[in-house]
Asks: 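Sharing a structure with you now.
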2 protein chains.
Amino acid sequence: MEDTRQTGNLALTRVEQVMQVLRERIAARALAAGARVPSIRMMSEQIGVSKSTVVEAYERLVAEGALIARRGSGFFVAAHALPGGRGEFGAYGAFAARGPMGAMGAMGATGPRLDREIDPLWLTRQSLETDARALRPGCGWLPASWLPQDAVRRALRAIARDPHAQLTDYASPLGLPALRQQLAWRLAQHGVEAAPEQIVLTDGGSQALDILCRFLLEPGDTVVVDDPCYFNFQALLRVHRVKVVSVPYTPTGPDLAAFERVLAEHRPRLYVTNSAIHNPTGATLAPTVAHRLLKLAEEHNLLIVEDDIFADFETHPAPRLAAFDGLARVVAIGSFSKTMTAAARCGYIAARTDWIEPLVDLKLSVSFGNGELAADLVQRLLVDGTYRRYLDGLRAKLADAMGETLRRLACAGVTAWTRPQAGMLLWAQLPDGLDAALVAREALAHGVVLAPGNVFSVSRGAGSFLRFNVSQCNRPKVYETLQRAMERAVEAKAQPA
Amino acid sequence: MEDTRQTGNLALTRVEQVMQVLRERIAARALAAGARVPSIRMMSEQIGVSKSTVVEAYERLVAEGALIARRGSGFFVAAHALPGGRGEFGAYGAFAARGPMGAMGAMGATGPRLDREIDPLWLTRQSLETDARALRPGCGWLPASWLPQDAVRRALRAIARDPHAQLTDYASPLGLPALRQQLAWRLAQHGVEAAPEQIVLTDGGSQALDILCRFLLEPGDTVVVDDPCYFNFQALLRVHRVKVVSVPYTPTGPDLAAFERVLAEHRPRLYVTNSAIHNPTGATLAPTVAHRLLKLAEEHNLLIVEDDIFADFETHPAPRLAAFDGLARVVAIGSFSKTMTAAARCGYIAARTDWIEPLVDLKLSVSFGNGELAADLVQRLLVDGTYRRYLDGLRAKLADAMGETLRRLACAGVTAWTRPQAGMLLWAQLPDGLDAALVAREALAHGVVLAPGNVFSVSRGAGSFLRFNVSQCNRPKVYETLQRAMERAVEAKAQPA
């Protein structure tokens, strides 16, 4: 490590500037507890100071307890530093400092993790980890009882019985041809023309986006997302070390004036969004917005990944960017995790022909191919009429639940931002600018997982919003707990800090 | 793009230097056809020239047809450039230039792809894509008929019958507790002490390594692999933009003197290797080598990922680095794709306690968790005595096949590098320095997929070696085709170029 004692006064000021930048990012949760801080080189380039200045700033933040140095590995954001908590791991103690509570959470303990910062992964963890008895109006999927369990069971039996079922081999590079054919037909129903040879199967929608990010992005590139957007877009993009900028979402799509400004100012390479039904708002893109958006994308050479994960919730087909664009600069991805099963991971990428070969190479390099059993299961469910009939019933059930949830939230003084045409998601605002994070923490302590708005917001401008999943809202306890948590938030607001 | 016409003579020489660097990387397959060339900035930093110099060098390589520029996206290595082949994709034609043959291969056509360069992905594609009637003595897995099809079938039926089976939900963050408990016991049998809370399930062994690379590496870091090593280590590490250096492998483990030199010279951060049975050589690490290797790792603060994918092939337990080290600087990964099923993707990471939390965050960010159905299937097979009995039979069958293959290869003049104690892999050398790539191409044209040595060799020093899979070698056609291909290679050698 460089000796920085010679650093003069001017440099010292710069050191303090770097420290301030880091402190702000940590305060804004752009760097969560445990996160790796940008490398010396990257930071030096990012803010245009010398490497030795960055080194000194990092070292001072370590001395302050804000960062932890892992020898040979870099610097990490400290959490509730408990020095010596796991002394035996000396040189590698970066994450040990989270203390016993954090560690327990990771280990699958059933208690809610009240201490965890509300970052994009907060909701994932709360939804997946919390005690089975907890209620989850904030989680992003259907209750198991709403999913086609019997159809999945039947398909598994059919696979087990089928003497030709492929039970043990690796999948072919693109994945099961019969499923790709099915997907081509389904995409065509939304106006997206993709031959089966343009479809690559993946182990779920997240992997589809991950592979595309690897293909399309370099560290330091800029990516646009909606504000608010699906929280895991943020978590995934962070892994790719790209800069994320956001554009306000309106009930008919992204705010085009803001979008144009972002294009001009940040020259982003990629826009990642949901089609059909937007997460978290439940909004639907208007055709005129889609058309103008694509025009902007062409003018600024912007690529688009359109995540169509909620396709099968739709009652009336919404416009798809991929359909307007003909898969030239738009890539469509999707999965069956929301409407069929998330236990068998199966997603897809539909992309222009000339991208398929390198995408498949990437997929094989990082995963050696998708799971054929999951693909076979999905394929059997798609050709089986029971899935179609199940969807008809599901849509009706969701429409009822949407109406009921809207009514009950209105009674609680919580205002829907828009009335979604379909799906399970509802974006709603607490009264009097109440802090949704506070309300969510309070509710979590009483066994109810809510989804605070800023988990979805890059600008963190959704502090009084919550996302509700109407399929998980049919218990009085949800509203009782919400009401009580809101009262506590009102009290907290009345008290001087 | 910057105007580079002002560039003087000195800079021109530098331009030529950059062009030369690129040409060499392409010639050495460090940059394969279709691969993205380092960004202007990265290249400029890597070789210490200005960005405008790099721009000019790239533009000139485009003019030469060696690179293709994709507007706003960067530069890519051209293949067999067929200009105008897919003119409709104008601005994005980077990969279109591969021509119809390449495109057909990607689209799952059944013909062998004789045109594809022999890079680390060559074997993957050949093994996965080629006509089902082809013989695959070079592929890295067992024939379906050798795998426990009936046991998988029974487990699927059991899941379908089980009223408590989890058929539709996402997995918990670490993955199915019952399987992690099983894995803890199994690791303990190899002396690796890992609590179930230290085990993270993944969708296969490649994903396990991919997540670890994301956690442990930054672009530009250096990673050591064995020479030869599992070819997909190279493909995967390439995705992570790290520098790969290799150390010669001996029949008892890596060459320690060479290892020490590499540590001193390149200061690598990570070593990725196989334990138990080495891929491709079939060799087994000696305890003394393991001990000295770990000492070197400690001295140079090197981390190690030990891929234990062949664990269940073992007849006598070999030393595990993770056991000696106690999961301090060694991470153990594995999967059941080789001995149970690759159709249900299921692997694991066993790591030190304080790494689990950030590893799980990463896993959730990029995949939203592993598939529970695959985990359940593997778990049921592990507790079912049939898997243990199947393994006993498999090991005996492999021992027979190993003996038979050794005998038949010896008759053909092909020499085993070492006699593996167990497993399916055999590393063998062609006589008279014959070119294994030539032999493999010739055999492929006759429907036999061989595995040429340099696919496994970073130094490309294994040009006369082939890897055989003894479970795929029990057909006379394998040896007939090999013999004929060798004769053709002899003829080619005799002819003047």
Side-chain angles (χ1 to χ4, degrees), chain A residues 34 39 71-72 86 89 95-96 98 102 106-108 121 124-125 128-129 144 147 149 152-153 156-157 159-160 166-170 172-174 177 197 203-204 206-207 210 214 218-219 235-236 239 301 341-345 354-358 360-361 364-368 371-374, chain B residues 34 39 71-72 86 89 95-96 98 102 106-108 121 124-125 128-129 144 147 149 152-153 156-157 159-160 166-170 172-174 177 197 203-204 206-207 210 214 218-219 235-236 239 301 341-345 354-358 360-361 364-368 371-374:
Chain A
S39 72
R71 205 194 304 160
R86 282 172 202 274
F89 289 120
F95 300 99
R98 285 177 176 236
M107 290 172 193
L121 276 164
T124 309
R125 288 298 195 97
L128 292 172
E129 275 175 0
L147 285 162
Q149 308 254 353
V152 171
R153 229 176 262 285
L156 282 176
R157 268 202 302 270
I159 295 171
Q166 200 286 80
L167 298 173
T168 50
D169 271 7
Y170 287 96
S172 58
L174 276 79
E197 296 75 27
D203 291 328
S206 299
Q207 200 202 39
D210 189 36
R214 286 179 139 151
E218 289 209 40
L236 195 148
V239 173
N301 199 22
T341 171
R345 311 293 286 134
D354 53 334
W355 287 5
I356 298 300
E357 176 102 346
V360 169
D361 274 355
L364 295 175
S365 296
V366 299
S367 75
F368 222 87
E372 181 99 327
L373 203 58
Chain B
S39 71
R71 202 195 305 162
R86 283 175 201 274
F89 290 119
F95 301 100
R98 288 178 171 234
M107 290 174 195
L121 275 164
T124 308
R125 287 299 195 98
L128 292 172
E129 275 175 1
L147 283 163
Q149 309 252 353
V152 171
R153 229 177 261 286
L156 281 176
R157 269 203 301 270
I159 294 171
Q166 201 285 82
L167 298 172
T168 50
D169 273 6
Y170 287 97
S172 58
L174 277 79
E197 296 74 28
D203 291 328
S206 298
Q207 200 203 40
D210 188 35
R214 287 180 137 152
E218 290 209 40
L236 194 148
V239 173
N301 199 21
T341 172
R345 309 292 287 135
D354 53 332
W355 287 4
I356 297 301
E357 175 101 345
V360 168
D361 274 354
L364 294 175
S365 297
V366 300
S367 76
F368 222 87
E372 182 99 327
L373 203 59

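Per chain, numbering begins at 1; letters A, B, ... match sequence-line order. Note that the structure is a prediction, hence the values are computed from the model and not measured.
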Asks: So which of A/S206, A/A343, A/S367 has the biggest tally of heavy-atom pairs under 4.5 Å with chain B?
Replies: A/A343

Asks: Who wins among A/L156, A/L167, A/L373, A/V239 for the most heavy-atom pairs under 4.5 Å with chain B?
Replies: A/L167

Asks: List for me each residue that meets salt bridge (charged side-chain N to carboxylate O under 4.0 Å, His left out) alongside B/R214, sequence neighbours excluded, and say none if there are none.
Replies: A/D210, B/D210

Asks: Quick one: OG1 on B/T124 to CZ on A/F368, what's the gap to the nearest 0.5 Å?
Replies: 4.0 Å

Asks: I'd like to know which of A/Q207, A/E372, A/R157 tops the heavy-atom pair count under 4.5 Å against chain B.
Replies: A/E372

Asks: What part of A/P177 lies closer than 4.5 angstrom to a heavy atom of chain B: side chain, backbone, both or neither?
Replies: neither

Asks: With respect to chain A, which residue among B/S172, B/S39, B/G204, B/A344 yields the maximal number of heavy-atom pairs within a distance under 4.5 Å?
Replies: B/S39

Asks: What pairs with B/A235 under side chain to side chain contact (heavy atoms under 4.5 Å, CB included), at least two apart in sequence or on another chain?
Replies: A/S365, B/P120, B/L121, B/N232

Asks: If only atom types and distance count, is the side chain of A/R345 paired as donor or acceptor with the main-chain N or O of B/G371 below 3.5 Å?
Replies: no

Asks: Heavy atoms only: give me the nearest A/P173-B/R125 pair and the separation to one decimal.
Replies: CG-CD, 4.1 Å

Asks: Which answer fits A/V366, side chain, backbone, both or neither, if we ask what part of it has an atom under 4.5 Å from a heavy atom of chain B?
Replies: both

Asks: For chain B, which of A/V152, A/L364, A/D203 has the most heavy-atom pairs under 4.5 Å?
Replies: A/L364

Asks: So does A/Q149 get a backbone contact from the side chain of B/T168, meaning a donor-acceptor N/O pair under 3.5 Å?
Replies: no

